[in-house]
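As a basis for the values below, the full set of heavy atoms in this structure was taken, side chains included, without hydrogen atoms, waters or symmetry mates.
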Amino acid sequence: MASLMPVAKQQYFNTNGTPLVGGKVYTYAAGTTTPLETYQDQAGTTPNSNPVILDARGEATIFWSTTSYKVVLKDANDVTIWTQDNYQYALTASSGSSLVGYMPSGTGAVATTVQSKLRESVSVKDFGAVGDGVTDDTTAIQAAINAALAATYSAPLYFPAGYYKVTSALPNITNAITIYGAGPRDTQIVFSGAVTPINVVGSGTRATEVVFKDIMLNGNSMTGGYVVAVDWAQGVKFLNVSFNNPYNGVSLRQCGNILFQAVTMDAVRGAYGIFAYGTNTARNGENDQIDIISFTDCLIQSTYVSGGAVPTAELLVLDGRVHTVNINGLRLLSGLRGLATKNTPALTQDLVPRFITGTALEAENHYAECFNFQAATDVWINNIFAAESYTSDGIKLSSSVANFCLNNGSVNSNSLHGVNINGALDVTIQDVTIYNNSLVGAGAKSGVYVSGSGVVDIRGGMAGKASWLPVYTEKQKYGIELDVSYNGILTVQGVELRNNNTGALYDNNGTGQGSFVSACPGYTPRGTTLQSVGASPYTYTAGLTVEYVNLYNGTGVVSTINGVAVASTSPCSFALQPRQSVTVSYITTPTMVINKG
């Protein structure tokens, strides 16, 4: 491809149109009489004389800087021929790039100008941002955001490598934009103050398709607020974003399809890493709820160390109407709690945090519970890890939890119970290893503790001493322990229950109906026992296996199960199914012998 060669020298003429031999070119700063240099070379290292003296052809080599000039042309006798003010070389002017063409490669490519091509994205440095970590870049970044949002299709906003200091809130992000850097190690926005600097918020309609990518949001100097608040928005994504030392990380409200992918949030200092909240009331013309939050390969952590100051940060909180949380790799470390589900708006059971599903969920090294499910419905997690709660349970399930399922994983080394099922309904634990809990003291707490009246199904896995670990003393009181008030249905099948501190399984003489235990190494019914018979009518409830009741002696003995007489004489024998009860009426006290097993 050929092109015209630019004129190598500039030539000037007198009023008669002949070359201005010996003429003089004076150059000044635009609008002034202050001399301003031109140059003999393109690099701008060798200044011309001022004035520049023209040769025998009226020519001279003049390289102009990017600054605007006032130019005065005179003849050899210093008689002015013309004056031109506010002169600037076209390609160095603000519109210079519009004079240069650009043709992409490839068949069918369409020609444009360099200006149009460069305006496909916006750089904060286009607006004067410095990025040296010292200069306050707030005003420049505010202008850049406004320009990007004002573009016809919301141009991407680029932060080149650097540290950009921001000291106040940035403009609200109300529509689609991608804010990206050169990678979290190279590009940082450094915030300070107590207000939330980045607000993604709808205005008239939801803010949509907002992306943060390849950047660090540094909250080290923040004294309050969140780094990012998302309110009435859709399709917000955090991709390869690092939150460094935030006061609080991200708040979510009335939004949907929120994605955290390859996000690191390190050293949360306030109350929350990520806080998601919905009241299920009318707001912005819609229902106030959150639909779909997804986590992929993310880490959120605070700074708690054993014996240190009590931390304040709950790392992930789902409160109220939060519907569908997808997890594919999420680690929650060293906070007050790892994950907490709540119902602050006091909603009905079907409106509390729901459909929390996925795989590879870890919470470790927390002051209180690793996982505290105060209110949740439909929770299904594969490969859970809950370890090192220093004052509480590994996993705690309260009475407002229903349809809760754990499949595979480990719960170990927690101060109190490994799993505390405190009134939760419909709980399934399958192939989970639960060991070395009750670190508060040997024989104080159990691997799994069950109270309330829910259906609990524990299958496979282990609630006892881990044989594959180096020699240690198992402190769990029982593998599984039932509270004296428990009156639900417990099924335990194929669970390794050996070598707990006190025993394998203890039912605390509960009154639950239909419970069943089978094929659990370490668990053996207590054999034949003499049962003390109380005042007539006396009710006896079987434990967790089939039991055989034998009555001897006594007079007027009548035995009924569920109101149906099974024996009206003594001696007699009959079987009780797990958790089934028999009522014995008599005149004189009979002898009762129970055969368990």
Side-chain angles (χ1 to χ4, degrees), residues 421 443 446-459 463-464 476-597:
I421 304 172
S446 295
V448 180
Y449 190 84
V450 185
S451 61
S453 57
V455 176
V456 178
D457 190 342
I458 305 174
R459 297 173 185 264
Q476 290 179 172
K477 184 179 182 181
Y478 295 99
I480 301 171
E481 180 180 1
L482 307 186
D483 185 82
V484 67
S485 66
Y486 179 65
N487 63 349
I489 299 174
L490 173 71
T491 300
V492 183
Q493 289 186 313
V495 181
E496 168 68 70
L497 296 173
R498 287 184 285 206
N499 299 319
N500 288 284
N501 183 272
T502 304
L505 186 150
Y506 185 62
D507 65 6
N508 269 327
N509 296 315
T511 58
Q513 299 293 315
S515 296
F516 179 74
V517 178
S518 68
C520 294
Y523 177 71
T524 303
R526 288 174 287 188
T528 301
T529 60
L530 181 63
Q531 179 68 29
S532 176
V533 178
S536 179
Y538 169 71
T539 299
Y540 173 77
T541 302
L544 302 178
T545 59
V546 175
E547 296 186 7
Y548 298 92
V549 179
N550 303 278
L551 294 173
Y552 304 97
N553 305 320
T555 59
V557 177
V558 178
S559 303
T560 60
I561 298 176
N562 296 329
V564 178
V566 294
S568 56
T569 60
S570 177
C572 64
S573 297
F574 48 85
L576 291 178
Q577 297 303 310
R579 288 300 191 190
Q580 193 172 43
S581 298
V582 61
T583 299
V584 179
S585 302
Y586 58 87
I587 297 174
T588 60
T589 306
T591 298
M592 179 180 287
V593 176
I594 307 297
N595 188 339
K596 299 183 178 183

Where is the tightest heavy-atom contact between [X] and [Y], given as atom of each residue plus distance?
{"X": "Asp483", "Y": "Ser451", "value": "CB-CB, 3.6 Å"}
{"X": "Ser581", "Y": "Thr539", "value": "CB-CG2, 4.0 Å"}
{"X": "Asn500", "Y": "Ala463", "value": "ND2-O, 2.9 Å"}
{"X": "Val492", "Y": "Cys520", "value": "CG1-SG, 3.5 Å"}
{"X": "Pro537", "Y": "Thr583", "value": "CB-CG2, 3.8 Å"}

Starting from the C-alpha separation in whole Å, work towards a yes-or-no answer on side-chain contact (heavy atoms from CB on, under 4.5 Å) for Gln577 and Phe516.
CA-CA 9 Å; Gln577 297 303 310; Phe516 179 74; over 6 Å; no
Does [X] use its side chain to pair, donor to acceptor, with the backbone of [Y] at less than 3.5 Å?
{"X": "Tyr523", "Y": "Gly503", "result": "no"}
{"X": "Tyr586", "Y": "Ser536", "result": "yes"}
{"X": "Asn553", "Y": "Thr591", "result": "no"}

Could you tell me if Thr555 and Thr588 have a donor-acceptor pair between their side chains, going purely by distance under 3.5 Å?
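Yes - a donor-acceptor pair under 3.5 Å links their side chains.
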Kindly compute the distance separating OG1 (Thr541) from CG (Leu576), expressed to the nearest 0.5 Å.
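Nearest 0.5 Å value for the OG1-CG distance: 8.5 Å.
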Give the C-alpha distance, both sets of side-chain angles, the deciding distance and a yes or no for side-chain contact (heavy atoms from CB on, under 4.5 Å) between Leu551 and Met592.
CA-CA 5 Å; Leu551 294 173; Met592 179 180 287; 3.8 Å; yes
Pair Thr491-Arg459, side-chain contact (heavy atoms from CB on, under 4.5 Å): steps then yes or no
CA-CA 8 Å; Thr491 300; Arg459 297 173 185 264; 3.8 Å; yes
Can you find a heavy atom in the side chain of Tyr540 that is under 4.5 Å from one in the side chain of Val584?
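Counting from C-beta outward, Tyr540 and Val584 never come under 4.5 Å.
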Among Val582, Val564, Val549, find the one that has a side-chain contact (heavy atoms from CB on, under 4.5 Å) with Ser559.
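Filter result, single survivor: Val582.
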